[in-house]
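Read through the structure below, which is laid out as structure tokens, and then see the notes.
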Amino acid sequence: MYSEKVMDHFNNPRNMGEIENPSGVGTVGNAKCGDIMRMYLDIDGQGVIQDVKFKTFGCGAAVATSSMATELVKGKTVQEALAVTNKAVMEALDGLPPVKVHCSLLAEEAIHAALWDYAQKNGIVIEGLKKPVADIGEKEE
Ligand code: FES
């Protein structure tokens, strides 16, 4: 049912944890399954993502997609990170079962929410970035 890559990222998640004083942090949730994902970004003065960490309270696919998403955006520019879609995350994981597609969407939204926070904090506009609807801020804390 799950690809080897999904199992690998689920069993050995990359970049799990948090970043102190992040450039941007975004928390998103899926109302139906109740899963929550948070992404932390450390972005340098050139707009390059130097570090990224995630925390996911959710299903195995959510853990695997968060982990893969962090790998895909690390070292990228803000614009490049914005272009990392849930499709790209799924492809990098060699696919997900249809009922788990929304988990990858959470990863995309978490990145967007963190980028949004970064843009807000710095008073900049990231072209093409909209405020993620699934952003639940810090409410669950
Ligand atoms: Fe909802 Fe995976 S079941 S994020």
Side-chain angles (χ1 to χ4, degrees), residues 1-122 124-141:
M1 178 171 171
Y2 288 112
S3 72
E4 267 175 41
K5 278 193 190 158
V6 172
M7 291 314 294
D8 178 32
H9 278 263
F10 170 63
N11 286 318
N12 306 294
R14 325 295 200 265
N15 308 306
M16 199 159 60
E18 59 188 278
I19 294 174
E20 260 183 62
N21 304 316
S23 312
V25 54
T27 309
V28 294
N30 181 293
K32 282 201 184 129
C33 63
D35 290 353
I36 293 166
M37 199 182 282
R38 179 174 293 168
M39 285 275 174
Y40 301 84
L41 297 175
D42 180 20
I43 300 170
D44 69 14
Q46 284 11 280
V48 176
I49 298 171
Q50 293 295 342
D51 200 10
V52 47
K53 294 256 191 279
F54 80 91
K55 271 189 176 170
T56 291
F57 183 82
C59 73
V63 172
T65 54
S66 336
S67 168
M68 181 53 90
T70 60
E71 293 263 278
L72 292 178
V73 301
K74 202 169 185 173
K76 300 272 168 67
T77 65
V78 163
Q79 279 300 334
E80 287 167 340
L82 185 60
V84 173
T85 60
N86 77 305
K87 253 181 112 184
V89 174
M90 280 200 298
E91 275 166 21
L93 285 169
D94 292 338
L96 280 174
V99 294
K100 291 290 174 182
V101 170
H102 78 273
C103 318
S104 65
L105 208 53
L106 216 48
E108 176 188 312
E109 287 168 345
I111 291 170
H112 287 188
L115 287 172
W116 179 264
D117 182 46
Y118 161 74
Q120 294 285 101
K121 279 181 182 156
N122 292 280
I124 57 170
V125 174
I126 300 174
E127 212 176 312
L129 177 66
K130 294 194 200 82
K131 185 169 168 53
V133 280
D135 196 336
I136 56 172
E138 305 290 316
K139 270 187 299 209
E140 81 284 3
E141 283 190 345

Using a 4.5 Å cut-off on heavy atoms from C-beta on, say whether the side chain of Phe54 contacts that of Arg38. no
Evaluate the side-chain proximity of Asp42 to Ser23: yes if any heavy-atom separation is below 4.5 Å, no if none is. yes
Over all atoms of both residues, closest heavy-atom pair of Ala81 and Lys76: N-CB, 4.3 Å
Between Thr65 and Met37, what is the shortest heavy-atom contact and its length? OG1-CE, 4.1 Å
Measure from the side-chain N and O atoms of Asn11 to the backbone N and O of Met7, and report whether any donor-acceptor pair falls under 3.5 Å. yes
Evaluation steps, side chain to side chain contact (heavy atoms under 4.5 Å, CB included), between Cys33 and Cys59: CA-CA 9 Å; Cys33 63; Cys59 73; over 6 Å; no
Non-hydrogen atoms of Gly29 and Leu106 that approach each other most closely: C-CD1, 3.7 Å
Indicate yes or no for a side-chain donor-acceptor contact from Asp117 to the backbone of Val25 under 3.5 Å, with no hydrogens or angles considered. yes
Side chains of Glu20 and Tyr40: closer than 4.5 Å at any heavy-atom pair? no
With heavy-atom distances below 4.5 Å as the criterion, would you say the side chains of Thr56 and Asp35 are in contact? no
List for me each residue that meets side chain to side chain contact (heavy atoms under 4.5 Å, CB included) alongside Val101, sequence neighbours excluded, and say none if there are none. Asn86, Met90, Ser104
Should Thr27 and Ile36 count as side-chain neighbours, where that means a heavy-atom distance under 4.5 Å? yes
Validation row: Gln79, Ile126 side chains within 4.5 angstrom (heavy atoms): yes
Distance check, rounded to the nearest 0.5 Å: Gln120 atom CD versus Leu129 atom CG? 9.0 Å
Donor-acceptor contact present, side-chain Thr77 to main-chain Gly47, <3.5 Å: no
Just verifying a value: how many Å separate Ser3 OG and Asp8 CG, rounded to the nearest 0.5 Å? 9.0 Å
Would you say Val78 and Tyr118 make side-chain contact, with heavy atoms under 4.5 Å? yes
Test item: Ser66 side-chain N/O and Ala62 main-chain N/O as donor-acceptor pair under 3.5 Å: yes
Taking every non-hydrogen atom, the tightest pair across Lys5 and Ala92: CD-O, 3.1 Å
Indicate yes or no for a side-chain donor-acceptor contact from Thr70 to the backbone of Lys53 under 3.5 Å, with no hydrogens or angles considered. no
Spacing of NZ belonging to Lys130 relative to NE2 belonging to His112, to within rounding of 0.5 Å: 9.5 Å
Any heavy-atom pair between the side chains of His9 and Glu71 that's under 4.5 Å? yes
How close do Pro22 and Ile19 get, counting heavy atoms only, and between which atoms? CD-O, 3.3 Å
Nearest 0.5 angstrom please: Ile49 CD1 to Leu72 CG, how far? 11.0 Å
Minimum heavy-atom distance Gln46-Asp44, with the two atoms named: N-OD1, 2.9 Å
Tell me, yes or no, whether the heavy-atom count around Lys121 atom NZ, taken from other residues, nucleotides or ligands under 6.0 Å, exceeds 12. yes
